[in-house]
Amino acid sequence: MSGHEGPSIYHLLDSNVPPKPVEIPFVESRILDLVHRISELRKLEGELERHRAILSPVRRIPREVLGHIFTFLQPFENGEKVRNAEGRQELVGLSLVCKLWHDATLFTHELWTGLKIKPRHTIETFKPVEAWFSHAGSLRRRLQYDGWHLDDSEAFTDRPRLFDNCGLSPSREPGPCLLATSVLPHLLTSGPPLDHLTLMCSTTECFRQFRDVMASLRDDSANANARPWDTLRSLSLQFRSVIYQWNVPFQPTFSPHFAHLPFVESLKVHLSSDLNEFGEDEEYDVSRLDLGIPRSLIEHLTDLTIHCTWSVPHLLKLLQYCTNVKTLTIDMQHFGRAQWDLETIPFVQQYLASPLVLPNLLTLRIRKSRNVDLLQVLKAPQLVSLDIEMFPRNPVKDEELPVPVATFLEQSGCAPSFRSFRLGTCIIDAEQLFMILSILPSSLATLTLDTLDVDLWCLCDLLKILDTARRGNDLSFPYLEKLEILKVPPGHQLDSVVDYIKSRGPNSKFQFVASYRMREQRVLKEKDIQDSLRFAGSGVNVSIKLPD
């Protein structure tokens, strides 16, 4: 450094020597100079990042791709593709990030097809709801009304307090029904077209009041176009509580006012699963209860789901007209009362002698049942998939599961079309499960054992013996392409299943999927099974999921 620039301070930079008085002003000047230069560099770094952002790959993502990504970020409500209040706020928040994101959300019609409303949505919110659905374009729209989950912040606004449990408290002075005074009747009368509606009613009395309001709005409407209610393709009716009426001699009757339901293709009816409605000690003849769904509607259905704990006749009264149903789901929700009395109910005896034919049924699902006696009175010649989920409390008995399944498959004669079998949520002996599997048609392609408490070693040994007993090289299920062992319980391992797969020989189309119910110190992981099967030359594709 030259003399006119000031004294040299290099000896001070690398030592602890105190500066001389003449050196201090120079050091202070250098500090100010460096601070200024650093400030300039930071400005340049900011400019650099702004220029780099111009070339960012995110910035060049097409609007359509960005919108498709957004469809994975939005939460759905209760398994249905509808946006709750939180989901709507997040979607609006995405649209406010920038113009590109705004355009991506606005023009991705799928983001706007589903909407959940609550009783607080009154007639004043008709236009905002209509505006929301206007962004769905020509896609099918889904609407869910939730009258089940209410609290003060959701059920009431500045309106007078409303009565949300219609018919449950006769001693209480009733107020306007939340459902009947909501925006829903107006949306279903003069709103945008809808494809699916989920109606979660507090009680069956709510549905009666809703139907009355719908009738009055139809009479007052000057619109000649069909109402959205009448053009629904799919409808789900769910009742938290059922209000029964009583006739002489004090027998329960059910009048849910289903006579004027829309002519839908898919229908779900969910009634309360409270089995104490009539009292265990009372001898009420609940076999006379009838849902009262019109025959013309049942004959038009292709998808039917019934969640009801009543005894058998109401089901058979429905099923006898299910000539076009392709997918049938029966949720028993059975908690202990005898489900069938086959010896004393004439209506059941009729179909025991000659099974009820479901000519177009492809998929049959039975949920939460202690037994599957229903199968003994059914016949499904075109069946493709049988899905049974038991009530997980006591070990199943032969007469509760294996025998009805065998009877059903034999009388159905569905071997040419049968492809898939699932058994879930039960405690079962390995020999009982083997009995069921051994009677399944050889055309089986997918086998799923989900949340079973069963001895896998014994089961697989029995399957190996069955294969060995067959002539030639034929296997029990020569067309089996997918085996799923899901939620394996603690203490159970998959070694026996892997050995069984090996014994079947090479098959590049075979897929093995498994998951564990809970993490243990020693479980067969995906890599272990892949290595074992690869060394055996099986060619099997493996997917194993460990619990979080």
Side-chain angles (χ1 to χ4, degrees), residues 68-69 71-73 75-76 79 363 365 384-390 392 418-430 432-434 436-438 440 442-468 473 475-548:
H68 183 67
I69 294 174
T71 63
F72 292 96
L73 298 177
F76 291 144
T363 300
R365 304 188 186 102
V384 173
S385 175
L386 178 60
D387 185 340
I388 300 175
E389 190 171 291
M390 303 296 288
F418 195 82
R419 294 291 181 273
S420 174
F421 177 74
R422 174 183 176 271
L423 179 62
T425 320
C426 72
I427 304 172
I428 187 169
D429 184 80
Q432 289 179 318
L433 181 55
F434 172 73
I436 296 174
L437 298 181
S438 62
L440 295 178
S442 61
S443 57
L444 184 73
T446 300
L447 174 62
T448 302
L449 305 178
D450 189 352
T451 321
L452 298 188
D453 191 345
V454 63
D455 187 338
L456 292 176
W457 279 108
C458 182
L459 175 64
C460 291
D461 285 344
L462 291 172
L463 291 174
K464 289 179 184 178
I465 294 174
L466 180 62
D467 286 342
T468 304
N473 296 322
L475 298 173
S476 305
F477 305 110
Y479 302 103
L480 188 65
E481 295 183 353
K482 187 174 185 179
L483 173 62
E484 295 181 309
I485 310 291
L486 305 181
K487 297 181 182 179
V488 177
H492 293 244
Q493 294 294 327
L494 297 173
D495 308 71
S496 58
V497 181
V498 175
D499 289 341
Y500 171 67
I501 295 175
K502 289 179 181 178
S503 70
R504 291 177 57 86
N507 186 347
S508 59
K509 295 182 179 181
F510 195 90
Q511 182 181 6
F512 176 48
V513 180
S515 65
Y516 289 95
R517 197 178 306 178
M518 61 185 298
R519 185 176 295 277
E520 296 185 357
Q521 291 184 351
R522 193 191 81 84
V523 294
L524 278 181
K525 298 184 179 181
E526 186 170 345
K527 186 177 184 304
D528 301 328
I529 297 178
Q530 285 178 338
D531 290 344
S532 178
L533 293 175
R534 183 171 63 252
F535 293 148
S538 67
V540 173
N541 181 24
V542 178
S543 176
I544 307 294
K545 181 180 180 181
L546 296 175
D548 297 331

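Throughout, residue positions are numbered sequentially from 1 according to the sequence presented.
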Give a yes or no answer on whether the side chain of Thr363 reaches the backbone of Ser385 with a donor-acceptor pair at less than 3.5 Å. no

Kindly indicate whether the side chain of Pro478, heavy atoms from C-beta on, has any atom under 4.5 Å from the side chain of Ser442. yes

Rounded to the nearest 0.5 Å, how far apart are CD1 of Ile544 and CG of Leu494? 5.5 Å

Minimal non-hydrogen separation, Phe418 against Leu444, with atom names: CE2-CD1, 3.7 Å

Side chains of Asp528 and Val498 in contact at under 4.5 Å (non-hydrogen atoms): no

Run the side chain to side chain contact (heavy atoms under 4.5 Å, CB included) test on Leu437 and Leu462 for me, step by step, so that the C-alpha distance in whole Å, both residues' side-chain angles and the decisive distance to 0.1 Å come before the verdict. CA-CA 10 Å; Leu437 298 181; Leu462 291 172; over 6 Å; no

Is there a donor in the side chain of Lys502 and an acceptor in the side chain of Ser532, or the other way round, less than 3.5 Å apart? yes

Between Ser515 and Lys487 (side chain of the first, backbone of the second, donor and acceptor by atom type, cut-off under 3.5 Å), is there such a pair? yes

Taking side-chain hydrogen bond (donor to acceptor under 3.5 Å, both in side chains) as the test, write out the residues that go with Lys509, two or more places apart. none

Rounded to the nearest 0.5 Å, how far does CZ of Arg419 lie from CD of Glu481? 9.5 Å

In this structure, CD1 of Ile501 is separated from CD of Gln511 (nearest 0.5 Å) by 10.5 Å

So Leu447 and Leu480, do their side chains get closer than 4.5 Å, heavy atoms only? yes

Can you tell me how far CD1 of Ile465 sits from CZ of Phe434, rounded to the nearest 0.5 angstrom? 7.5 Å

List the residues meeting side-chain hydrogen bond (donor to acceptor under 3.5 Å, both in side chains) with Tyr516, not counting sequence neighbours, and say none if there are none. none

If you look only at distance, which donor and acceptor atoms sit under 3.5 Å apart when one is on a side chain in residues 450-461 and the other is two or more places apart or in another chain?
{"unit_1": "Asp450", "atom_1": "OD2", "unit_2": "Arg422", "atom_2": "NH2", "d": "3.0"}
{"unit_1": "Asp455", "atom_1": "OD1", "unit_2": "Trp457", "atom_2": "N", "d": "3.1"}
{"unit_1": "Asp455", "atom_1": "OD1", "unit_2": "Cys458", "atom_2": "N", "d": "3.2"}

Find the distance between CZ (Phe512) and CD (Glu526) and round it off to the nearest 0.5 Å. 10.5 Å

First locate atom CG of Asn541, then atom CG of Leu533, and finally report the distance between them rounded to the nearest 0.5 Å. 10.5 Å

